[in-house]
Asker: 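Let me give you the structure first, and then I'll get to my questions.
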Amino acid sequence: MKKYLLAIAIVLTAIPVAAQQICPVIPLPVKADKGRGTFEISAQSVISWEDTSLVQLGTWLQQELLRRYHIEVPLQRKSGSTVILLKKITGTNMDAYTLAMNKQTATISAGAREGVFNGIISLLQLTAQAPARGKVLQVPCWNITDAPQYAWRGVMLDESRYFFGKEKVKSMLDWMAFYKLNRFHWHLTDMPGWRLEIKKYPLLTTVGGIGNIADPKAPAAYYTQDDIREIVAYAKARCIDIIPEIDMPGHAGAANRAYPAFDGGGTAKYPQFTFNPGREGTYSYLADILTETAQLFPAQLIHLGGDEVTFGNAGWDQDTGIIRLKQAHGLKDRKQVEDYFIQRMADTVLQLHNKVMAWDEIATASLPADSTIVCWWRHDKPENLAMAFQKGYSVVLCPRLPFYFDFVQDSTHKIGRRWKDGEFNHLEAVYNFSAAAIPATQGHESLILGVQACLWSETIHSNNRLDFLLFPRIAALAETAWTSAPAKDFNGFKTRLKAQLPLYAKEHLYYFDIFQPGRHQESGKAAANYID
């Protein structure tokens, strides 16, 4: 009798423990309940669907299971020993999904392709924690109901300063998808190099593509239009939109080396820094570039840059064409010339049936509110964020603190950026970011599209260096973008993150291990000068 009572006590004690188990998925789901038993995935399993529009996602899952575990799961409507069922239901949130699991079936339901994909990702993350017996995965059953707090969950990569190439970009897209990040902002043009093939102006790449931040004489490196189409398709298969950035009117050095006729001048430190707003030909030249760009990127959104123009626009005061422009349009100063330029180029983007995106300097310009997105990056200038909101512009929050991932992430790190008082972007700062803590956002929550991390490559000269800055902060970014602040817990996140590190190691990523800081040493070298 005593043994019987003891057994009951053990069972009753275990029940709340099981109920309190934390779902290992990153980002943390809105609701996740541990089910009973395990769901086995093997060659006897089947990936099935209820809607033919989901077959491509089923094929992608099939390929991932084969790549990760060497398990070939058939894709068919016939029944198997266990079935992964992809299902479309009525729903308004395109990213929302449910994952319902028992011993026989794992059903992923959503109102849109994006939601089904997010459910597939949660299932894949659960498989990463599953013990394997031969070629059989024993996946713990979870019942998840989930949706993100933000629609925009982004990462920006600067490839003008350092060209990483197609395979590394695809690897980044894989990891973005693994953490349900869905916007890849691609900074393709700047001072060191022009990385996007434009058929009408071939010198942009053959001349403007020469050099990088570490070596101004490095051979021309760029993406052909076929490369772009391949990468865009690769991203689309993972429910990621790619937003190209064609930086203007500043940061134009690479373009101006190729086509100096459109050069608006610069400074000794930043020569050939601007396009020339006083030449009518500049606008048609850039319109041609934007037209080809829009044809390559189907996201219907083009980033026009618009930042730091003051670094190289002093010559505008003496340029006769710009003086005539000011007189003709009643423009008082260089800032008004800059706004005029942005407004004209925005008109071109809108005519191409794209929306306009740019850095927060464009908040001063008069643009259509329903077609303009501002990236607020200057954390020390909340007034520009407030101005963007006042004008009704949608906003993506990517403040330098904590979302510039080229800032160091540990006090011992020497290479990389810090803010003026020595601040840097450690994992906890990324994780604990909350828009609600920024006074300017109060009352404007509906205009916040989401958050984004930015990887500028002034101090990134290798794939290892890129990994070292991105991982594991990308996981913290994902949870900040997806999970509401009240539901977040940094200590719980670290517990789940620790289980991710073997995945990084398996993929040969040169990550920063917050649990063993000496595991990998930082690599790269500091650039002598770069733009903040």
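When reading the values below, keep in mind they use all heavy atoms of this one structure, side chains included, and skip hydrogens, waters and symmetry mates.
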Asker: Would a line drawn from the ring center of H185 to the ring center of W359 be shorter than 6.0 Å?
Answerer: yes
Asker: Is a side-chain N or O of N425 found less than 3.5 angstrom from the main chain of Y404, in a donor-acceptor match?
Answerer: yes
Asker: Using the ring of Y234 (Phe, Tyr or Trp, six-membered ring only), decide whether R238 places NZ or CZ under 6.0 Å from its centre and within 45 degrees of its axis.
Answerer: yes
Asker: Please work out whether the ring planes of Y510 and F468 are parallel, tilted or perpendicular, with thresholds of 30° and 60°.
Answerer: tilted
Asker: Regarding T189 and D247, do their side chains bring together a donor and an acceptor under 3.5 Å, going by distance alone?
Answerer: no
Asker: For side chain to side chain contact (heavy atoms under 4.5 Å, CB included), just list the numbers for V430 and F405, CA-CA rounded to whole Å, side-chain angles, deciding distance to a tenth of an Å, and then say yes or no.
Answerer: CA-CA 9 Å; V430 176; F405 281 8; 3.8 Å; yes
Asker: Are there over 12 heavy-atom neighbours, none belonging to K326, within less than 6.0 Å of that residue's NZ?
Answerer: yes
Asker: Mind checking whether F341 and Y283 have parallel, tilted or perpendicular rings, split at 30° and 60°?
Answerer: tilted
Asker: Just by distance, no angles: are the side chains of S122 and Y97 close enough, under 3.5 Å, to form a donor-acceptor pair?
Answerer: yes
Asker: Please step through side chain to side chain contact (heavy atoms under 4.5 Å, CB included) for the pair I26 and Y179, ending with a clear verdict.
Answerer: CA-CA 6 Å; I26 294 176; Y179 289 126; 3.8 Å; yes
Asker: So L477 and V451, do their side chains get closer than 4.5 Å, heavy atoms only?
Answerer: yes
Asker: Examine distances only and state if a side-chain atom of D360 and a backbone atom of R378 form a donor-acceptor pair shorter than 3.5 Å.
Answerer: yes
Asker: Please work out which of the three classes, parallel, tilted or perpendicular, describes the rings of H187 and W456, given edges at 30° and 60°.
Answerer: perpendicular
Asker: Hey, is K200 close enough to E292 for a salt bridge, meaning N to O under 4.0 Å?
Answerer: no
Asker: Give me the atom names and distance for the closest heavy-atom approach of G330 to Q336.
Answerer: O-OE1, 3.8 Å
Asker: If you round to the nearest 0.5 Å, how far is CD1 of I342 from OG1 of T364?
Answerer: 9.0 Å
Asker: Please state whether the rings of Y223 and F163 are parallel, tilted or perpendicular, taking 30° and 60° as the class boundaries.
Answerer: tilted
Asker: Applying side chain to side chain contact (heavy atoms under 4.5 Å, CB included) to I231 and L173, what does each step give before you reach the verdict?
Answerer: CA-CA 9 Å; I231 294 169; L173 293 170; 4.0 Å; yes
Asker: With a 3.5 Å distance limit and no angle check, can you tell me whether T274 reaches the backbone of P249 through a side-chain donor-acceptor pair?
Answerer: no
Asker: Between M172 and L466, which heavy-atom pair has the shortest distance, and what is it?
Answerer: SD-CD2, 4.0 Å
Asker: Could you check if a side-chain atom of N354 sits within less than 4.5 angstrom of a side-chain atom of T293, using non-hydrogen atoms only?
Answerer: no
Asker: Taking atom NE2 as the centre, does H353 end up with more than 12 heavy-atom neighbours from other residues, nucleotides or ligands that are less than 6.0 angstrom away?
Answerer: no
Asker: Would a 4.5 Å heavy-atom cut-off, applied to side chains only, mark T441 and H444 as touching?
Answerer: no
Asker: Measuring centre to centre across the rings, with the benzene-like ring taken for any Trp, is Y504 within less than 6.0 Å of W175?
Answerer: yes
Asker: State, without any angle test, whether W482 and D146 hold a side-chain donor-acceptor pair at a distance under 3.5 Å.
Answerer: yes
Asker: Quick one: is the NZ or CZ of K488 closer than 6.0 Å to the six-membered ring centre of Y431, and within 45° of its axis?
Answerer: yes
Asker: Excluding sequence neighbours, so at least two apart, what forms side chain to side chain contact (heavy atoms under 4.5 Å, CB included) with A388?
Answerer: A363, V374, Y393, V395
Asker: Look only at the side chain of N212 and the backbone of G193, and say whether a donor-acceptor pair between them is shorter than 3.5 Å.
Answerer: no
Asker: How many angstroms lie between atom CG of D339 and atom CZ of R344, to the nearest 0.5 angstrom?
Answerer: 14.5 Å
Asker: Side-chain contact test, heavy atoms from C-beta onward, threshold under 4.5 Å: evaluate it for F164 versus S457 and give yes or no.
Answerer: yes
Asker: When you measure from the side chain of T480 to the backbone N and O of F433, does any donor-acceptor pair fall under 3.5 Å?
Answerer: no
Asker: Might you work through the salt bridge (Lys or Arg N to Asp or Glu O under 4.0 Å) test for R465 and D406, ending with a clear yes or no?
Answerer: CA-CA 10 Å; R465 179 70 183 158; D406 50 317; over 6 Å; no
Asker: Once rounded to the nearest 0.5 Å, what's the spacing between atom CE of M156 and atom CH2 of W186?
Answerer: 12.5 Å
Asker: Ignoring hydrogens and geometry, is there a side-chain-to-backbone donor-acceptor pair from R195 to E159 under 3.5 Å?
Answerer: yes
Asker: Rounded to the nearest 0.5 Å, how far apart are CE of M94 and CG of N118?
Answerer: 9.5 Å
Asker: So do the side chains of H303 and C375 get within less than 4.5 Å of each other, counting heavy atoms only?
Answerer: yes
Asker: Verify whether one side chain among K335 and T310 offers a donor that lies under 3.5 Å from an acceptor in the other.
Answerer: no
Asker: So Y201 and Y259, would you call those rings parallel, tilted or perpendicular, with 30° and 60° as cut-offs?
Answerer: perpendicular
Asker: Donor-acceptor check, side chain of W194 to backbone of V207, threshold 3.5 angstrom: yes or no?
Answerer: no
Asker: Side chains of P244 and L296: does their closest heavy-atom pair fall under 4.5 Å?
Answerer: no
Asker: Between F424 and H426, how do the two ring planes meet: parallel, tilted or perpendicular, split at 30° and 60°?
Answerer: perpendicular
Asker: Is K236 atom NZ crowded by more than 12 heavy atoms from other residues, nucleotides or ligands, each under 6.0 Å away?
Answerer: no
Asker: Check K199 with D288, please: is the shortest side-chain N to carboxylate O separation under 4.0 Å?
Answerer: no
Asker: Between Q225 (side chain) and E197 (backbone), is there a donor-acceptor pair under 3.5 Å?
Answerer: yes
Asker: Which atom pair, heavy atoms only, marks the closest approach of K391 to A369?
Answerer: O-CB, 3.5 Å
Asker: Give a yes or no on whether a salt bridge exists between R400 and E423, defined as a side-chain N under 4.0 angstrom from a carboxylate O.
Answerer: no
Asker: When you compare the side chains of N276 and D319, does any donor N or O come within less than 3.5 Å of an acceptor on the partner?
Answerer: yes
Asker: Go through the steps to decide whether S53 and D51 satisfy the test side-chain hydrogen bond (donor to acceptor under 3.5 Å, both in side chains), and finish with yes or no.
Answerer: CA-CA 5 Å; S53 67; D51 189 301; 2.6 Å; yes
Asker: Using the test side chain to side chain contact (heavy atoms under 4.5 Å, CB included), find all partners of D226 that sit at least two apart in sequence or belong to another chain.
Answerer: T224, R229
Asker: Do you see a donor-acceptor pair shorter than 3.5 Å between the side chains of E361 and W377?
Answerer: yes
Asker: With the side chain counted from C-beta on, respond yes when L196 and I246 share a heavy-atom pair under 4.5 Å apart, and no when they do not.
Answerer: yes
Asker: Is there a side-chain contact between D174 and F178 (heavy atoms, below 4.5 Å)?
Answerer: no
